[in-house]
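In what follows, a single structure is set out as structure tokens and then discussed.
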Amino acid sequence: MSMDLPEGMKLIDENGRRLDGRKADELRPIRIEAGVLRRADGSAYVEMGKNKILAAVYGPRECHPRHLQDPTRAIVQCHYNMLSFSVDDRKRPGPDRRSVEISKIVGEALEYSIFLEQFPRTSIDVYIAVLQANAGTRCAGLTAASVAVADAGIPMRDLIPACAAGKVADTVVLDLNKEEDNFGDADVPLAYIPRTGEVLLLQMDGHLTQAEFNRAIELAKGGCSQIYAVQQDALRRKYSIAAGENGGKEEEARGNEA
Ligand code: UDP
């Protein structure tokens, strides 16, 4: 955020187009697949622009470490991990401040949505692996994780779509990419449930006026609504295949792959 813009680089051109050709209110292309891992109880794969993210969910299962066990409800243990090869400079493996923060906020959003009280003493373990990062990975990670929780058959209030909005070159834009994140002025990740209007994650890095903030939230809510539809479609696709619709062809292909 707020690094100096390299000579000649224009984040928004005279036609209002961004470096990757998007308009201010456009999301990067998004693709979601549910149920991509055999071993996990639930899983999902998300591509959002150049981000590539896998989420795996195990549980509800016996809670380790035992002292975290809650006799009244399940806990969510979320592990966000950016792989060494996911960024241009090799990322030092293992947890760091950033991954601890992201694991915490993503886990809290999931805890809010899942009916935890139905599974006392257990743990729901959520693993988010960032295979390729290009800004917005906490949002894409939460988007993936909530599809994986649904895929695991864990009862939840709703899916959780998430995306960021922010400010680059004096313009409020949706879903910042890496260059926009690095050289822009502000980044506001939001998780928002369109059906209920609830906000489950909201952060801000940088500075915005009140009016710019309101516009950023409006854009991010619009982005979440679009992502929500893609999440639902991913689950529908998986279960229509499992139910033998599509002539079972895709399931055969998937079975051979695994
Ligand atoms: N990033 C990186 N190395 C790091 C951490 C982050 O290259 O050690 C990049 C990565 O592309 C990431 C982006 O910086 O997506 C923005 O990171 P931020 O902390 O804002 O989180 P995110 O936007 O991914 O949720």
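Numbering of ligands and ligand atoms starts at 1, following listing order. Only heavy atoms go into these numbers, but all of them, side chains included; no hydrogens, no water, no symmetry mates.
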From Asp181, Leu142, Asn134 - option closest to atom 20 (O) of ligand 1 by heavy atom: Asp181
Note the single closest protein heavy atom to atom 23 (O) of ligand 1, along with its residue, its atom name and the distance in Å. Gly136 N, 2.7 Å
For atom 17 (O) of ligand 1, what is the nearest protein heavy atom, given as residue, atom name and distance? Arg98 NH2, 3.5 Å
Under 3.5 Å, N or O to N or O, is Tyr80 touching ligand 1 that way? no
Between atom CZ of Phe183 and atom CE of Met9, what is the distance when rounded to the nearest 0.5 Å? 5.0 Å
If you have a sec, work out which protein heavy atom is nearest atom 15 (O) of ligand 1 and how many Å separate them, to one decimal? Ala135 N, 2.7 Å
Is a side-chain donor-acceptor pair under 3.5 Å present for Ser123 with Gln77? yes
Nearest non-hydrogen protein atom, atom 9 (C) of ligand 1: Lys178 CE, 3.2 Å
Check the orientation of Tyr58 and Tyr127. Use parallel for under 30°, tilted for 30 to 60°, and perpendicular for over 60°. perpendicular
Test log, rule side chain to side chain donor-acceptor pair (under 3.5 Å), inputs Tyr112 and Asp158: CA-CA 10 Å; Tyr112 186 84; Asp158 214 329; over 6 Å; no
Ranked by distance from atom 10 (C) of ligand 1, the top protein heavy atom is Ala133 CB, 3.7 Å
Ile124 and side chain to side chain contact (heavy atoms under 4.5 Å, CB included): which partner among Ile75, Ile114, Leu110? Ile114
With heavy atoms under 4.0 Å as the rule, classify the contact between Asp205 and ligand 1 as side chain, backbone, both or neither. neither
Enumerated ligand 1 atoms positioned under 4.0 Å from heavy atoms of Met82: 3 (N), 4 (C), 5 (C), 6 (C), 8 (O)
Between Ile30 and Ile227, is any pair of side-chain heavy atoms under 4.5 Å apart? yes
Region of Thr137 engaging ligand 1 - heavy atom pairs below 4.0 Å: both
Among all protein heavy atoms, pick the one closest to atom 2 (C) of ligand 1 and tell me residue, atom and distance. Val87 CG1, 3.5 Å
Does a side-chain heavy-atom distance below 4.5 Å link Val106 with Tyr80? no
Side chains of Lys52 and Tyr45: closer than 4.5 Å at any heavy-atom pair? yes
Looking only at protein heavy atoms, identify the closest one to atom 25 (O) of ligand 1 and say how far it is in Å. Arg138 NE, 2.7 Å
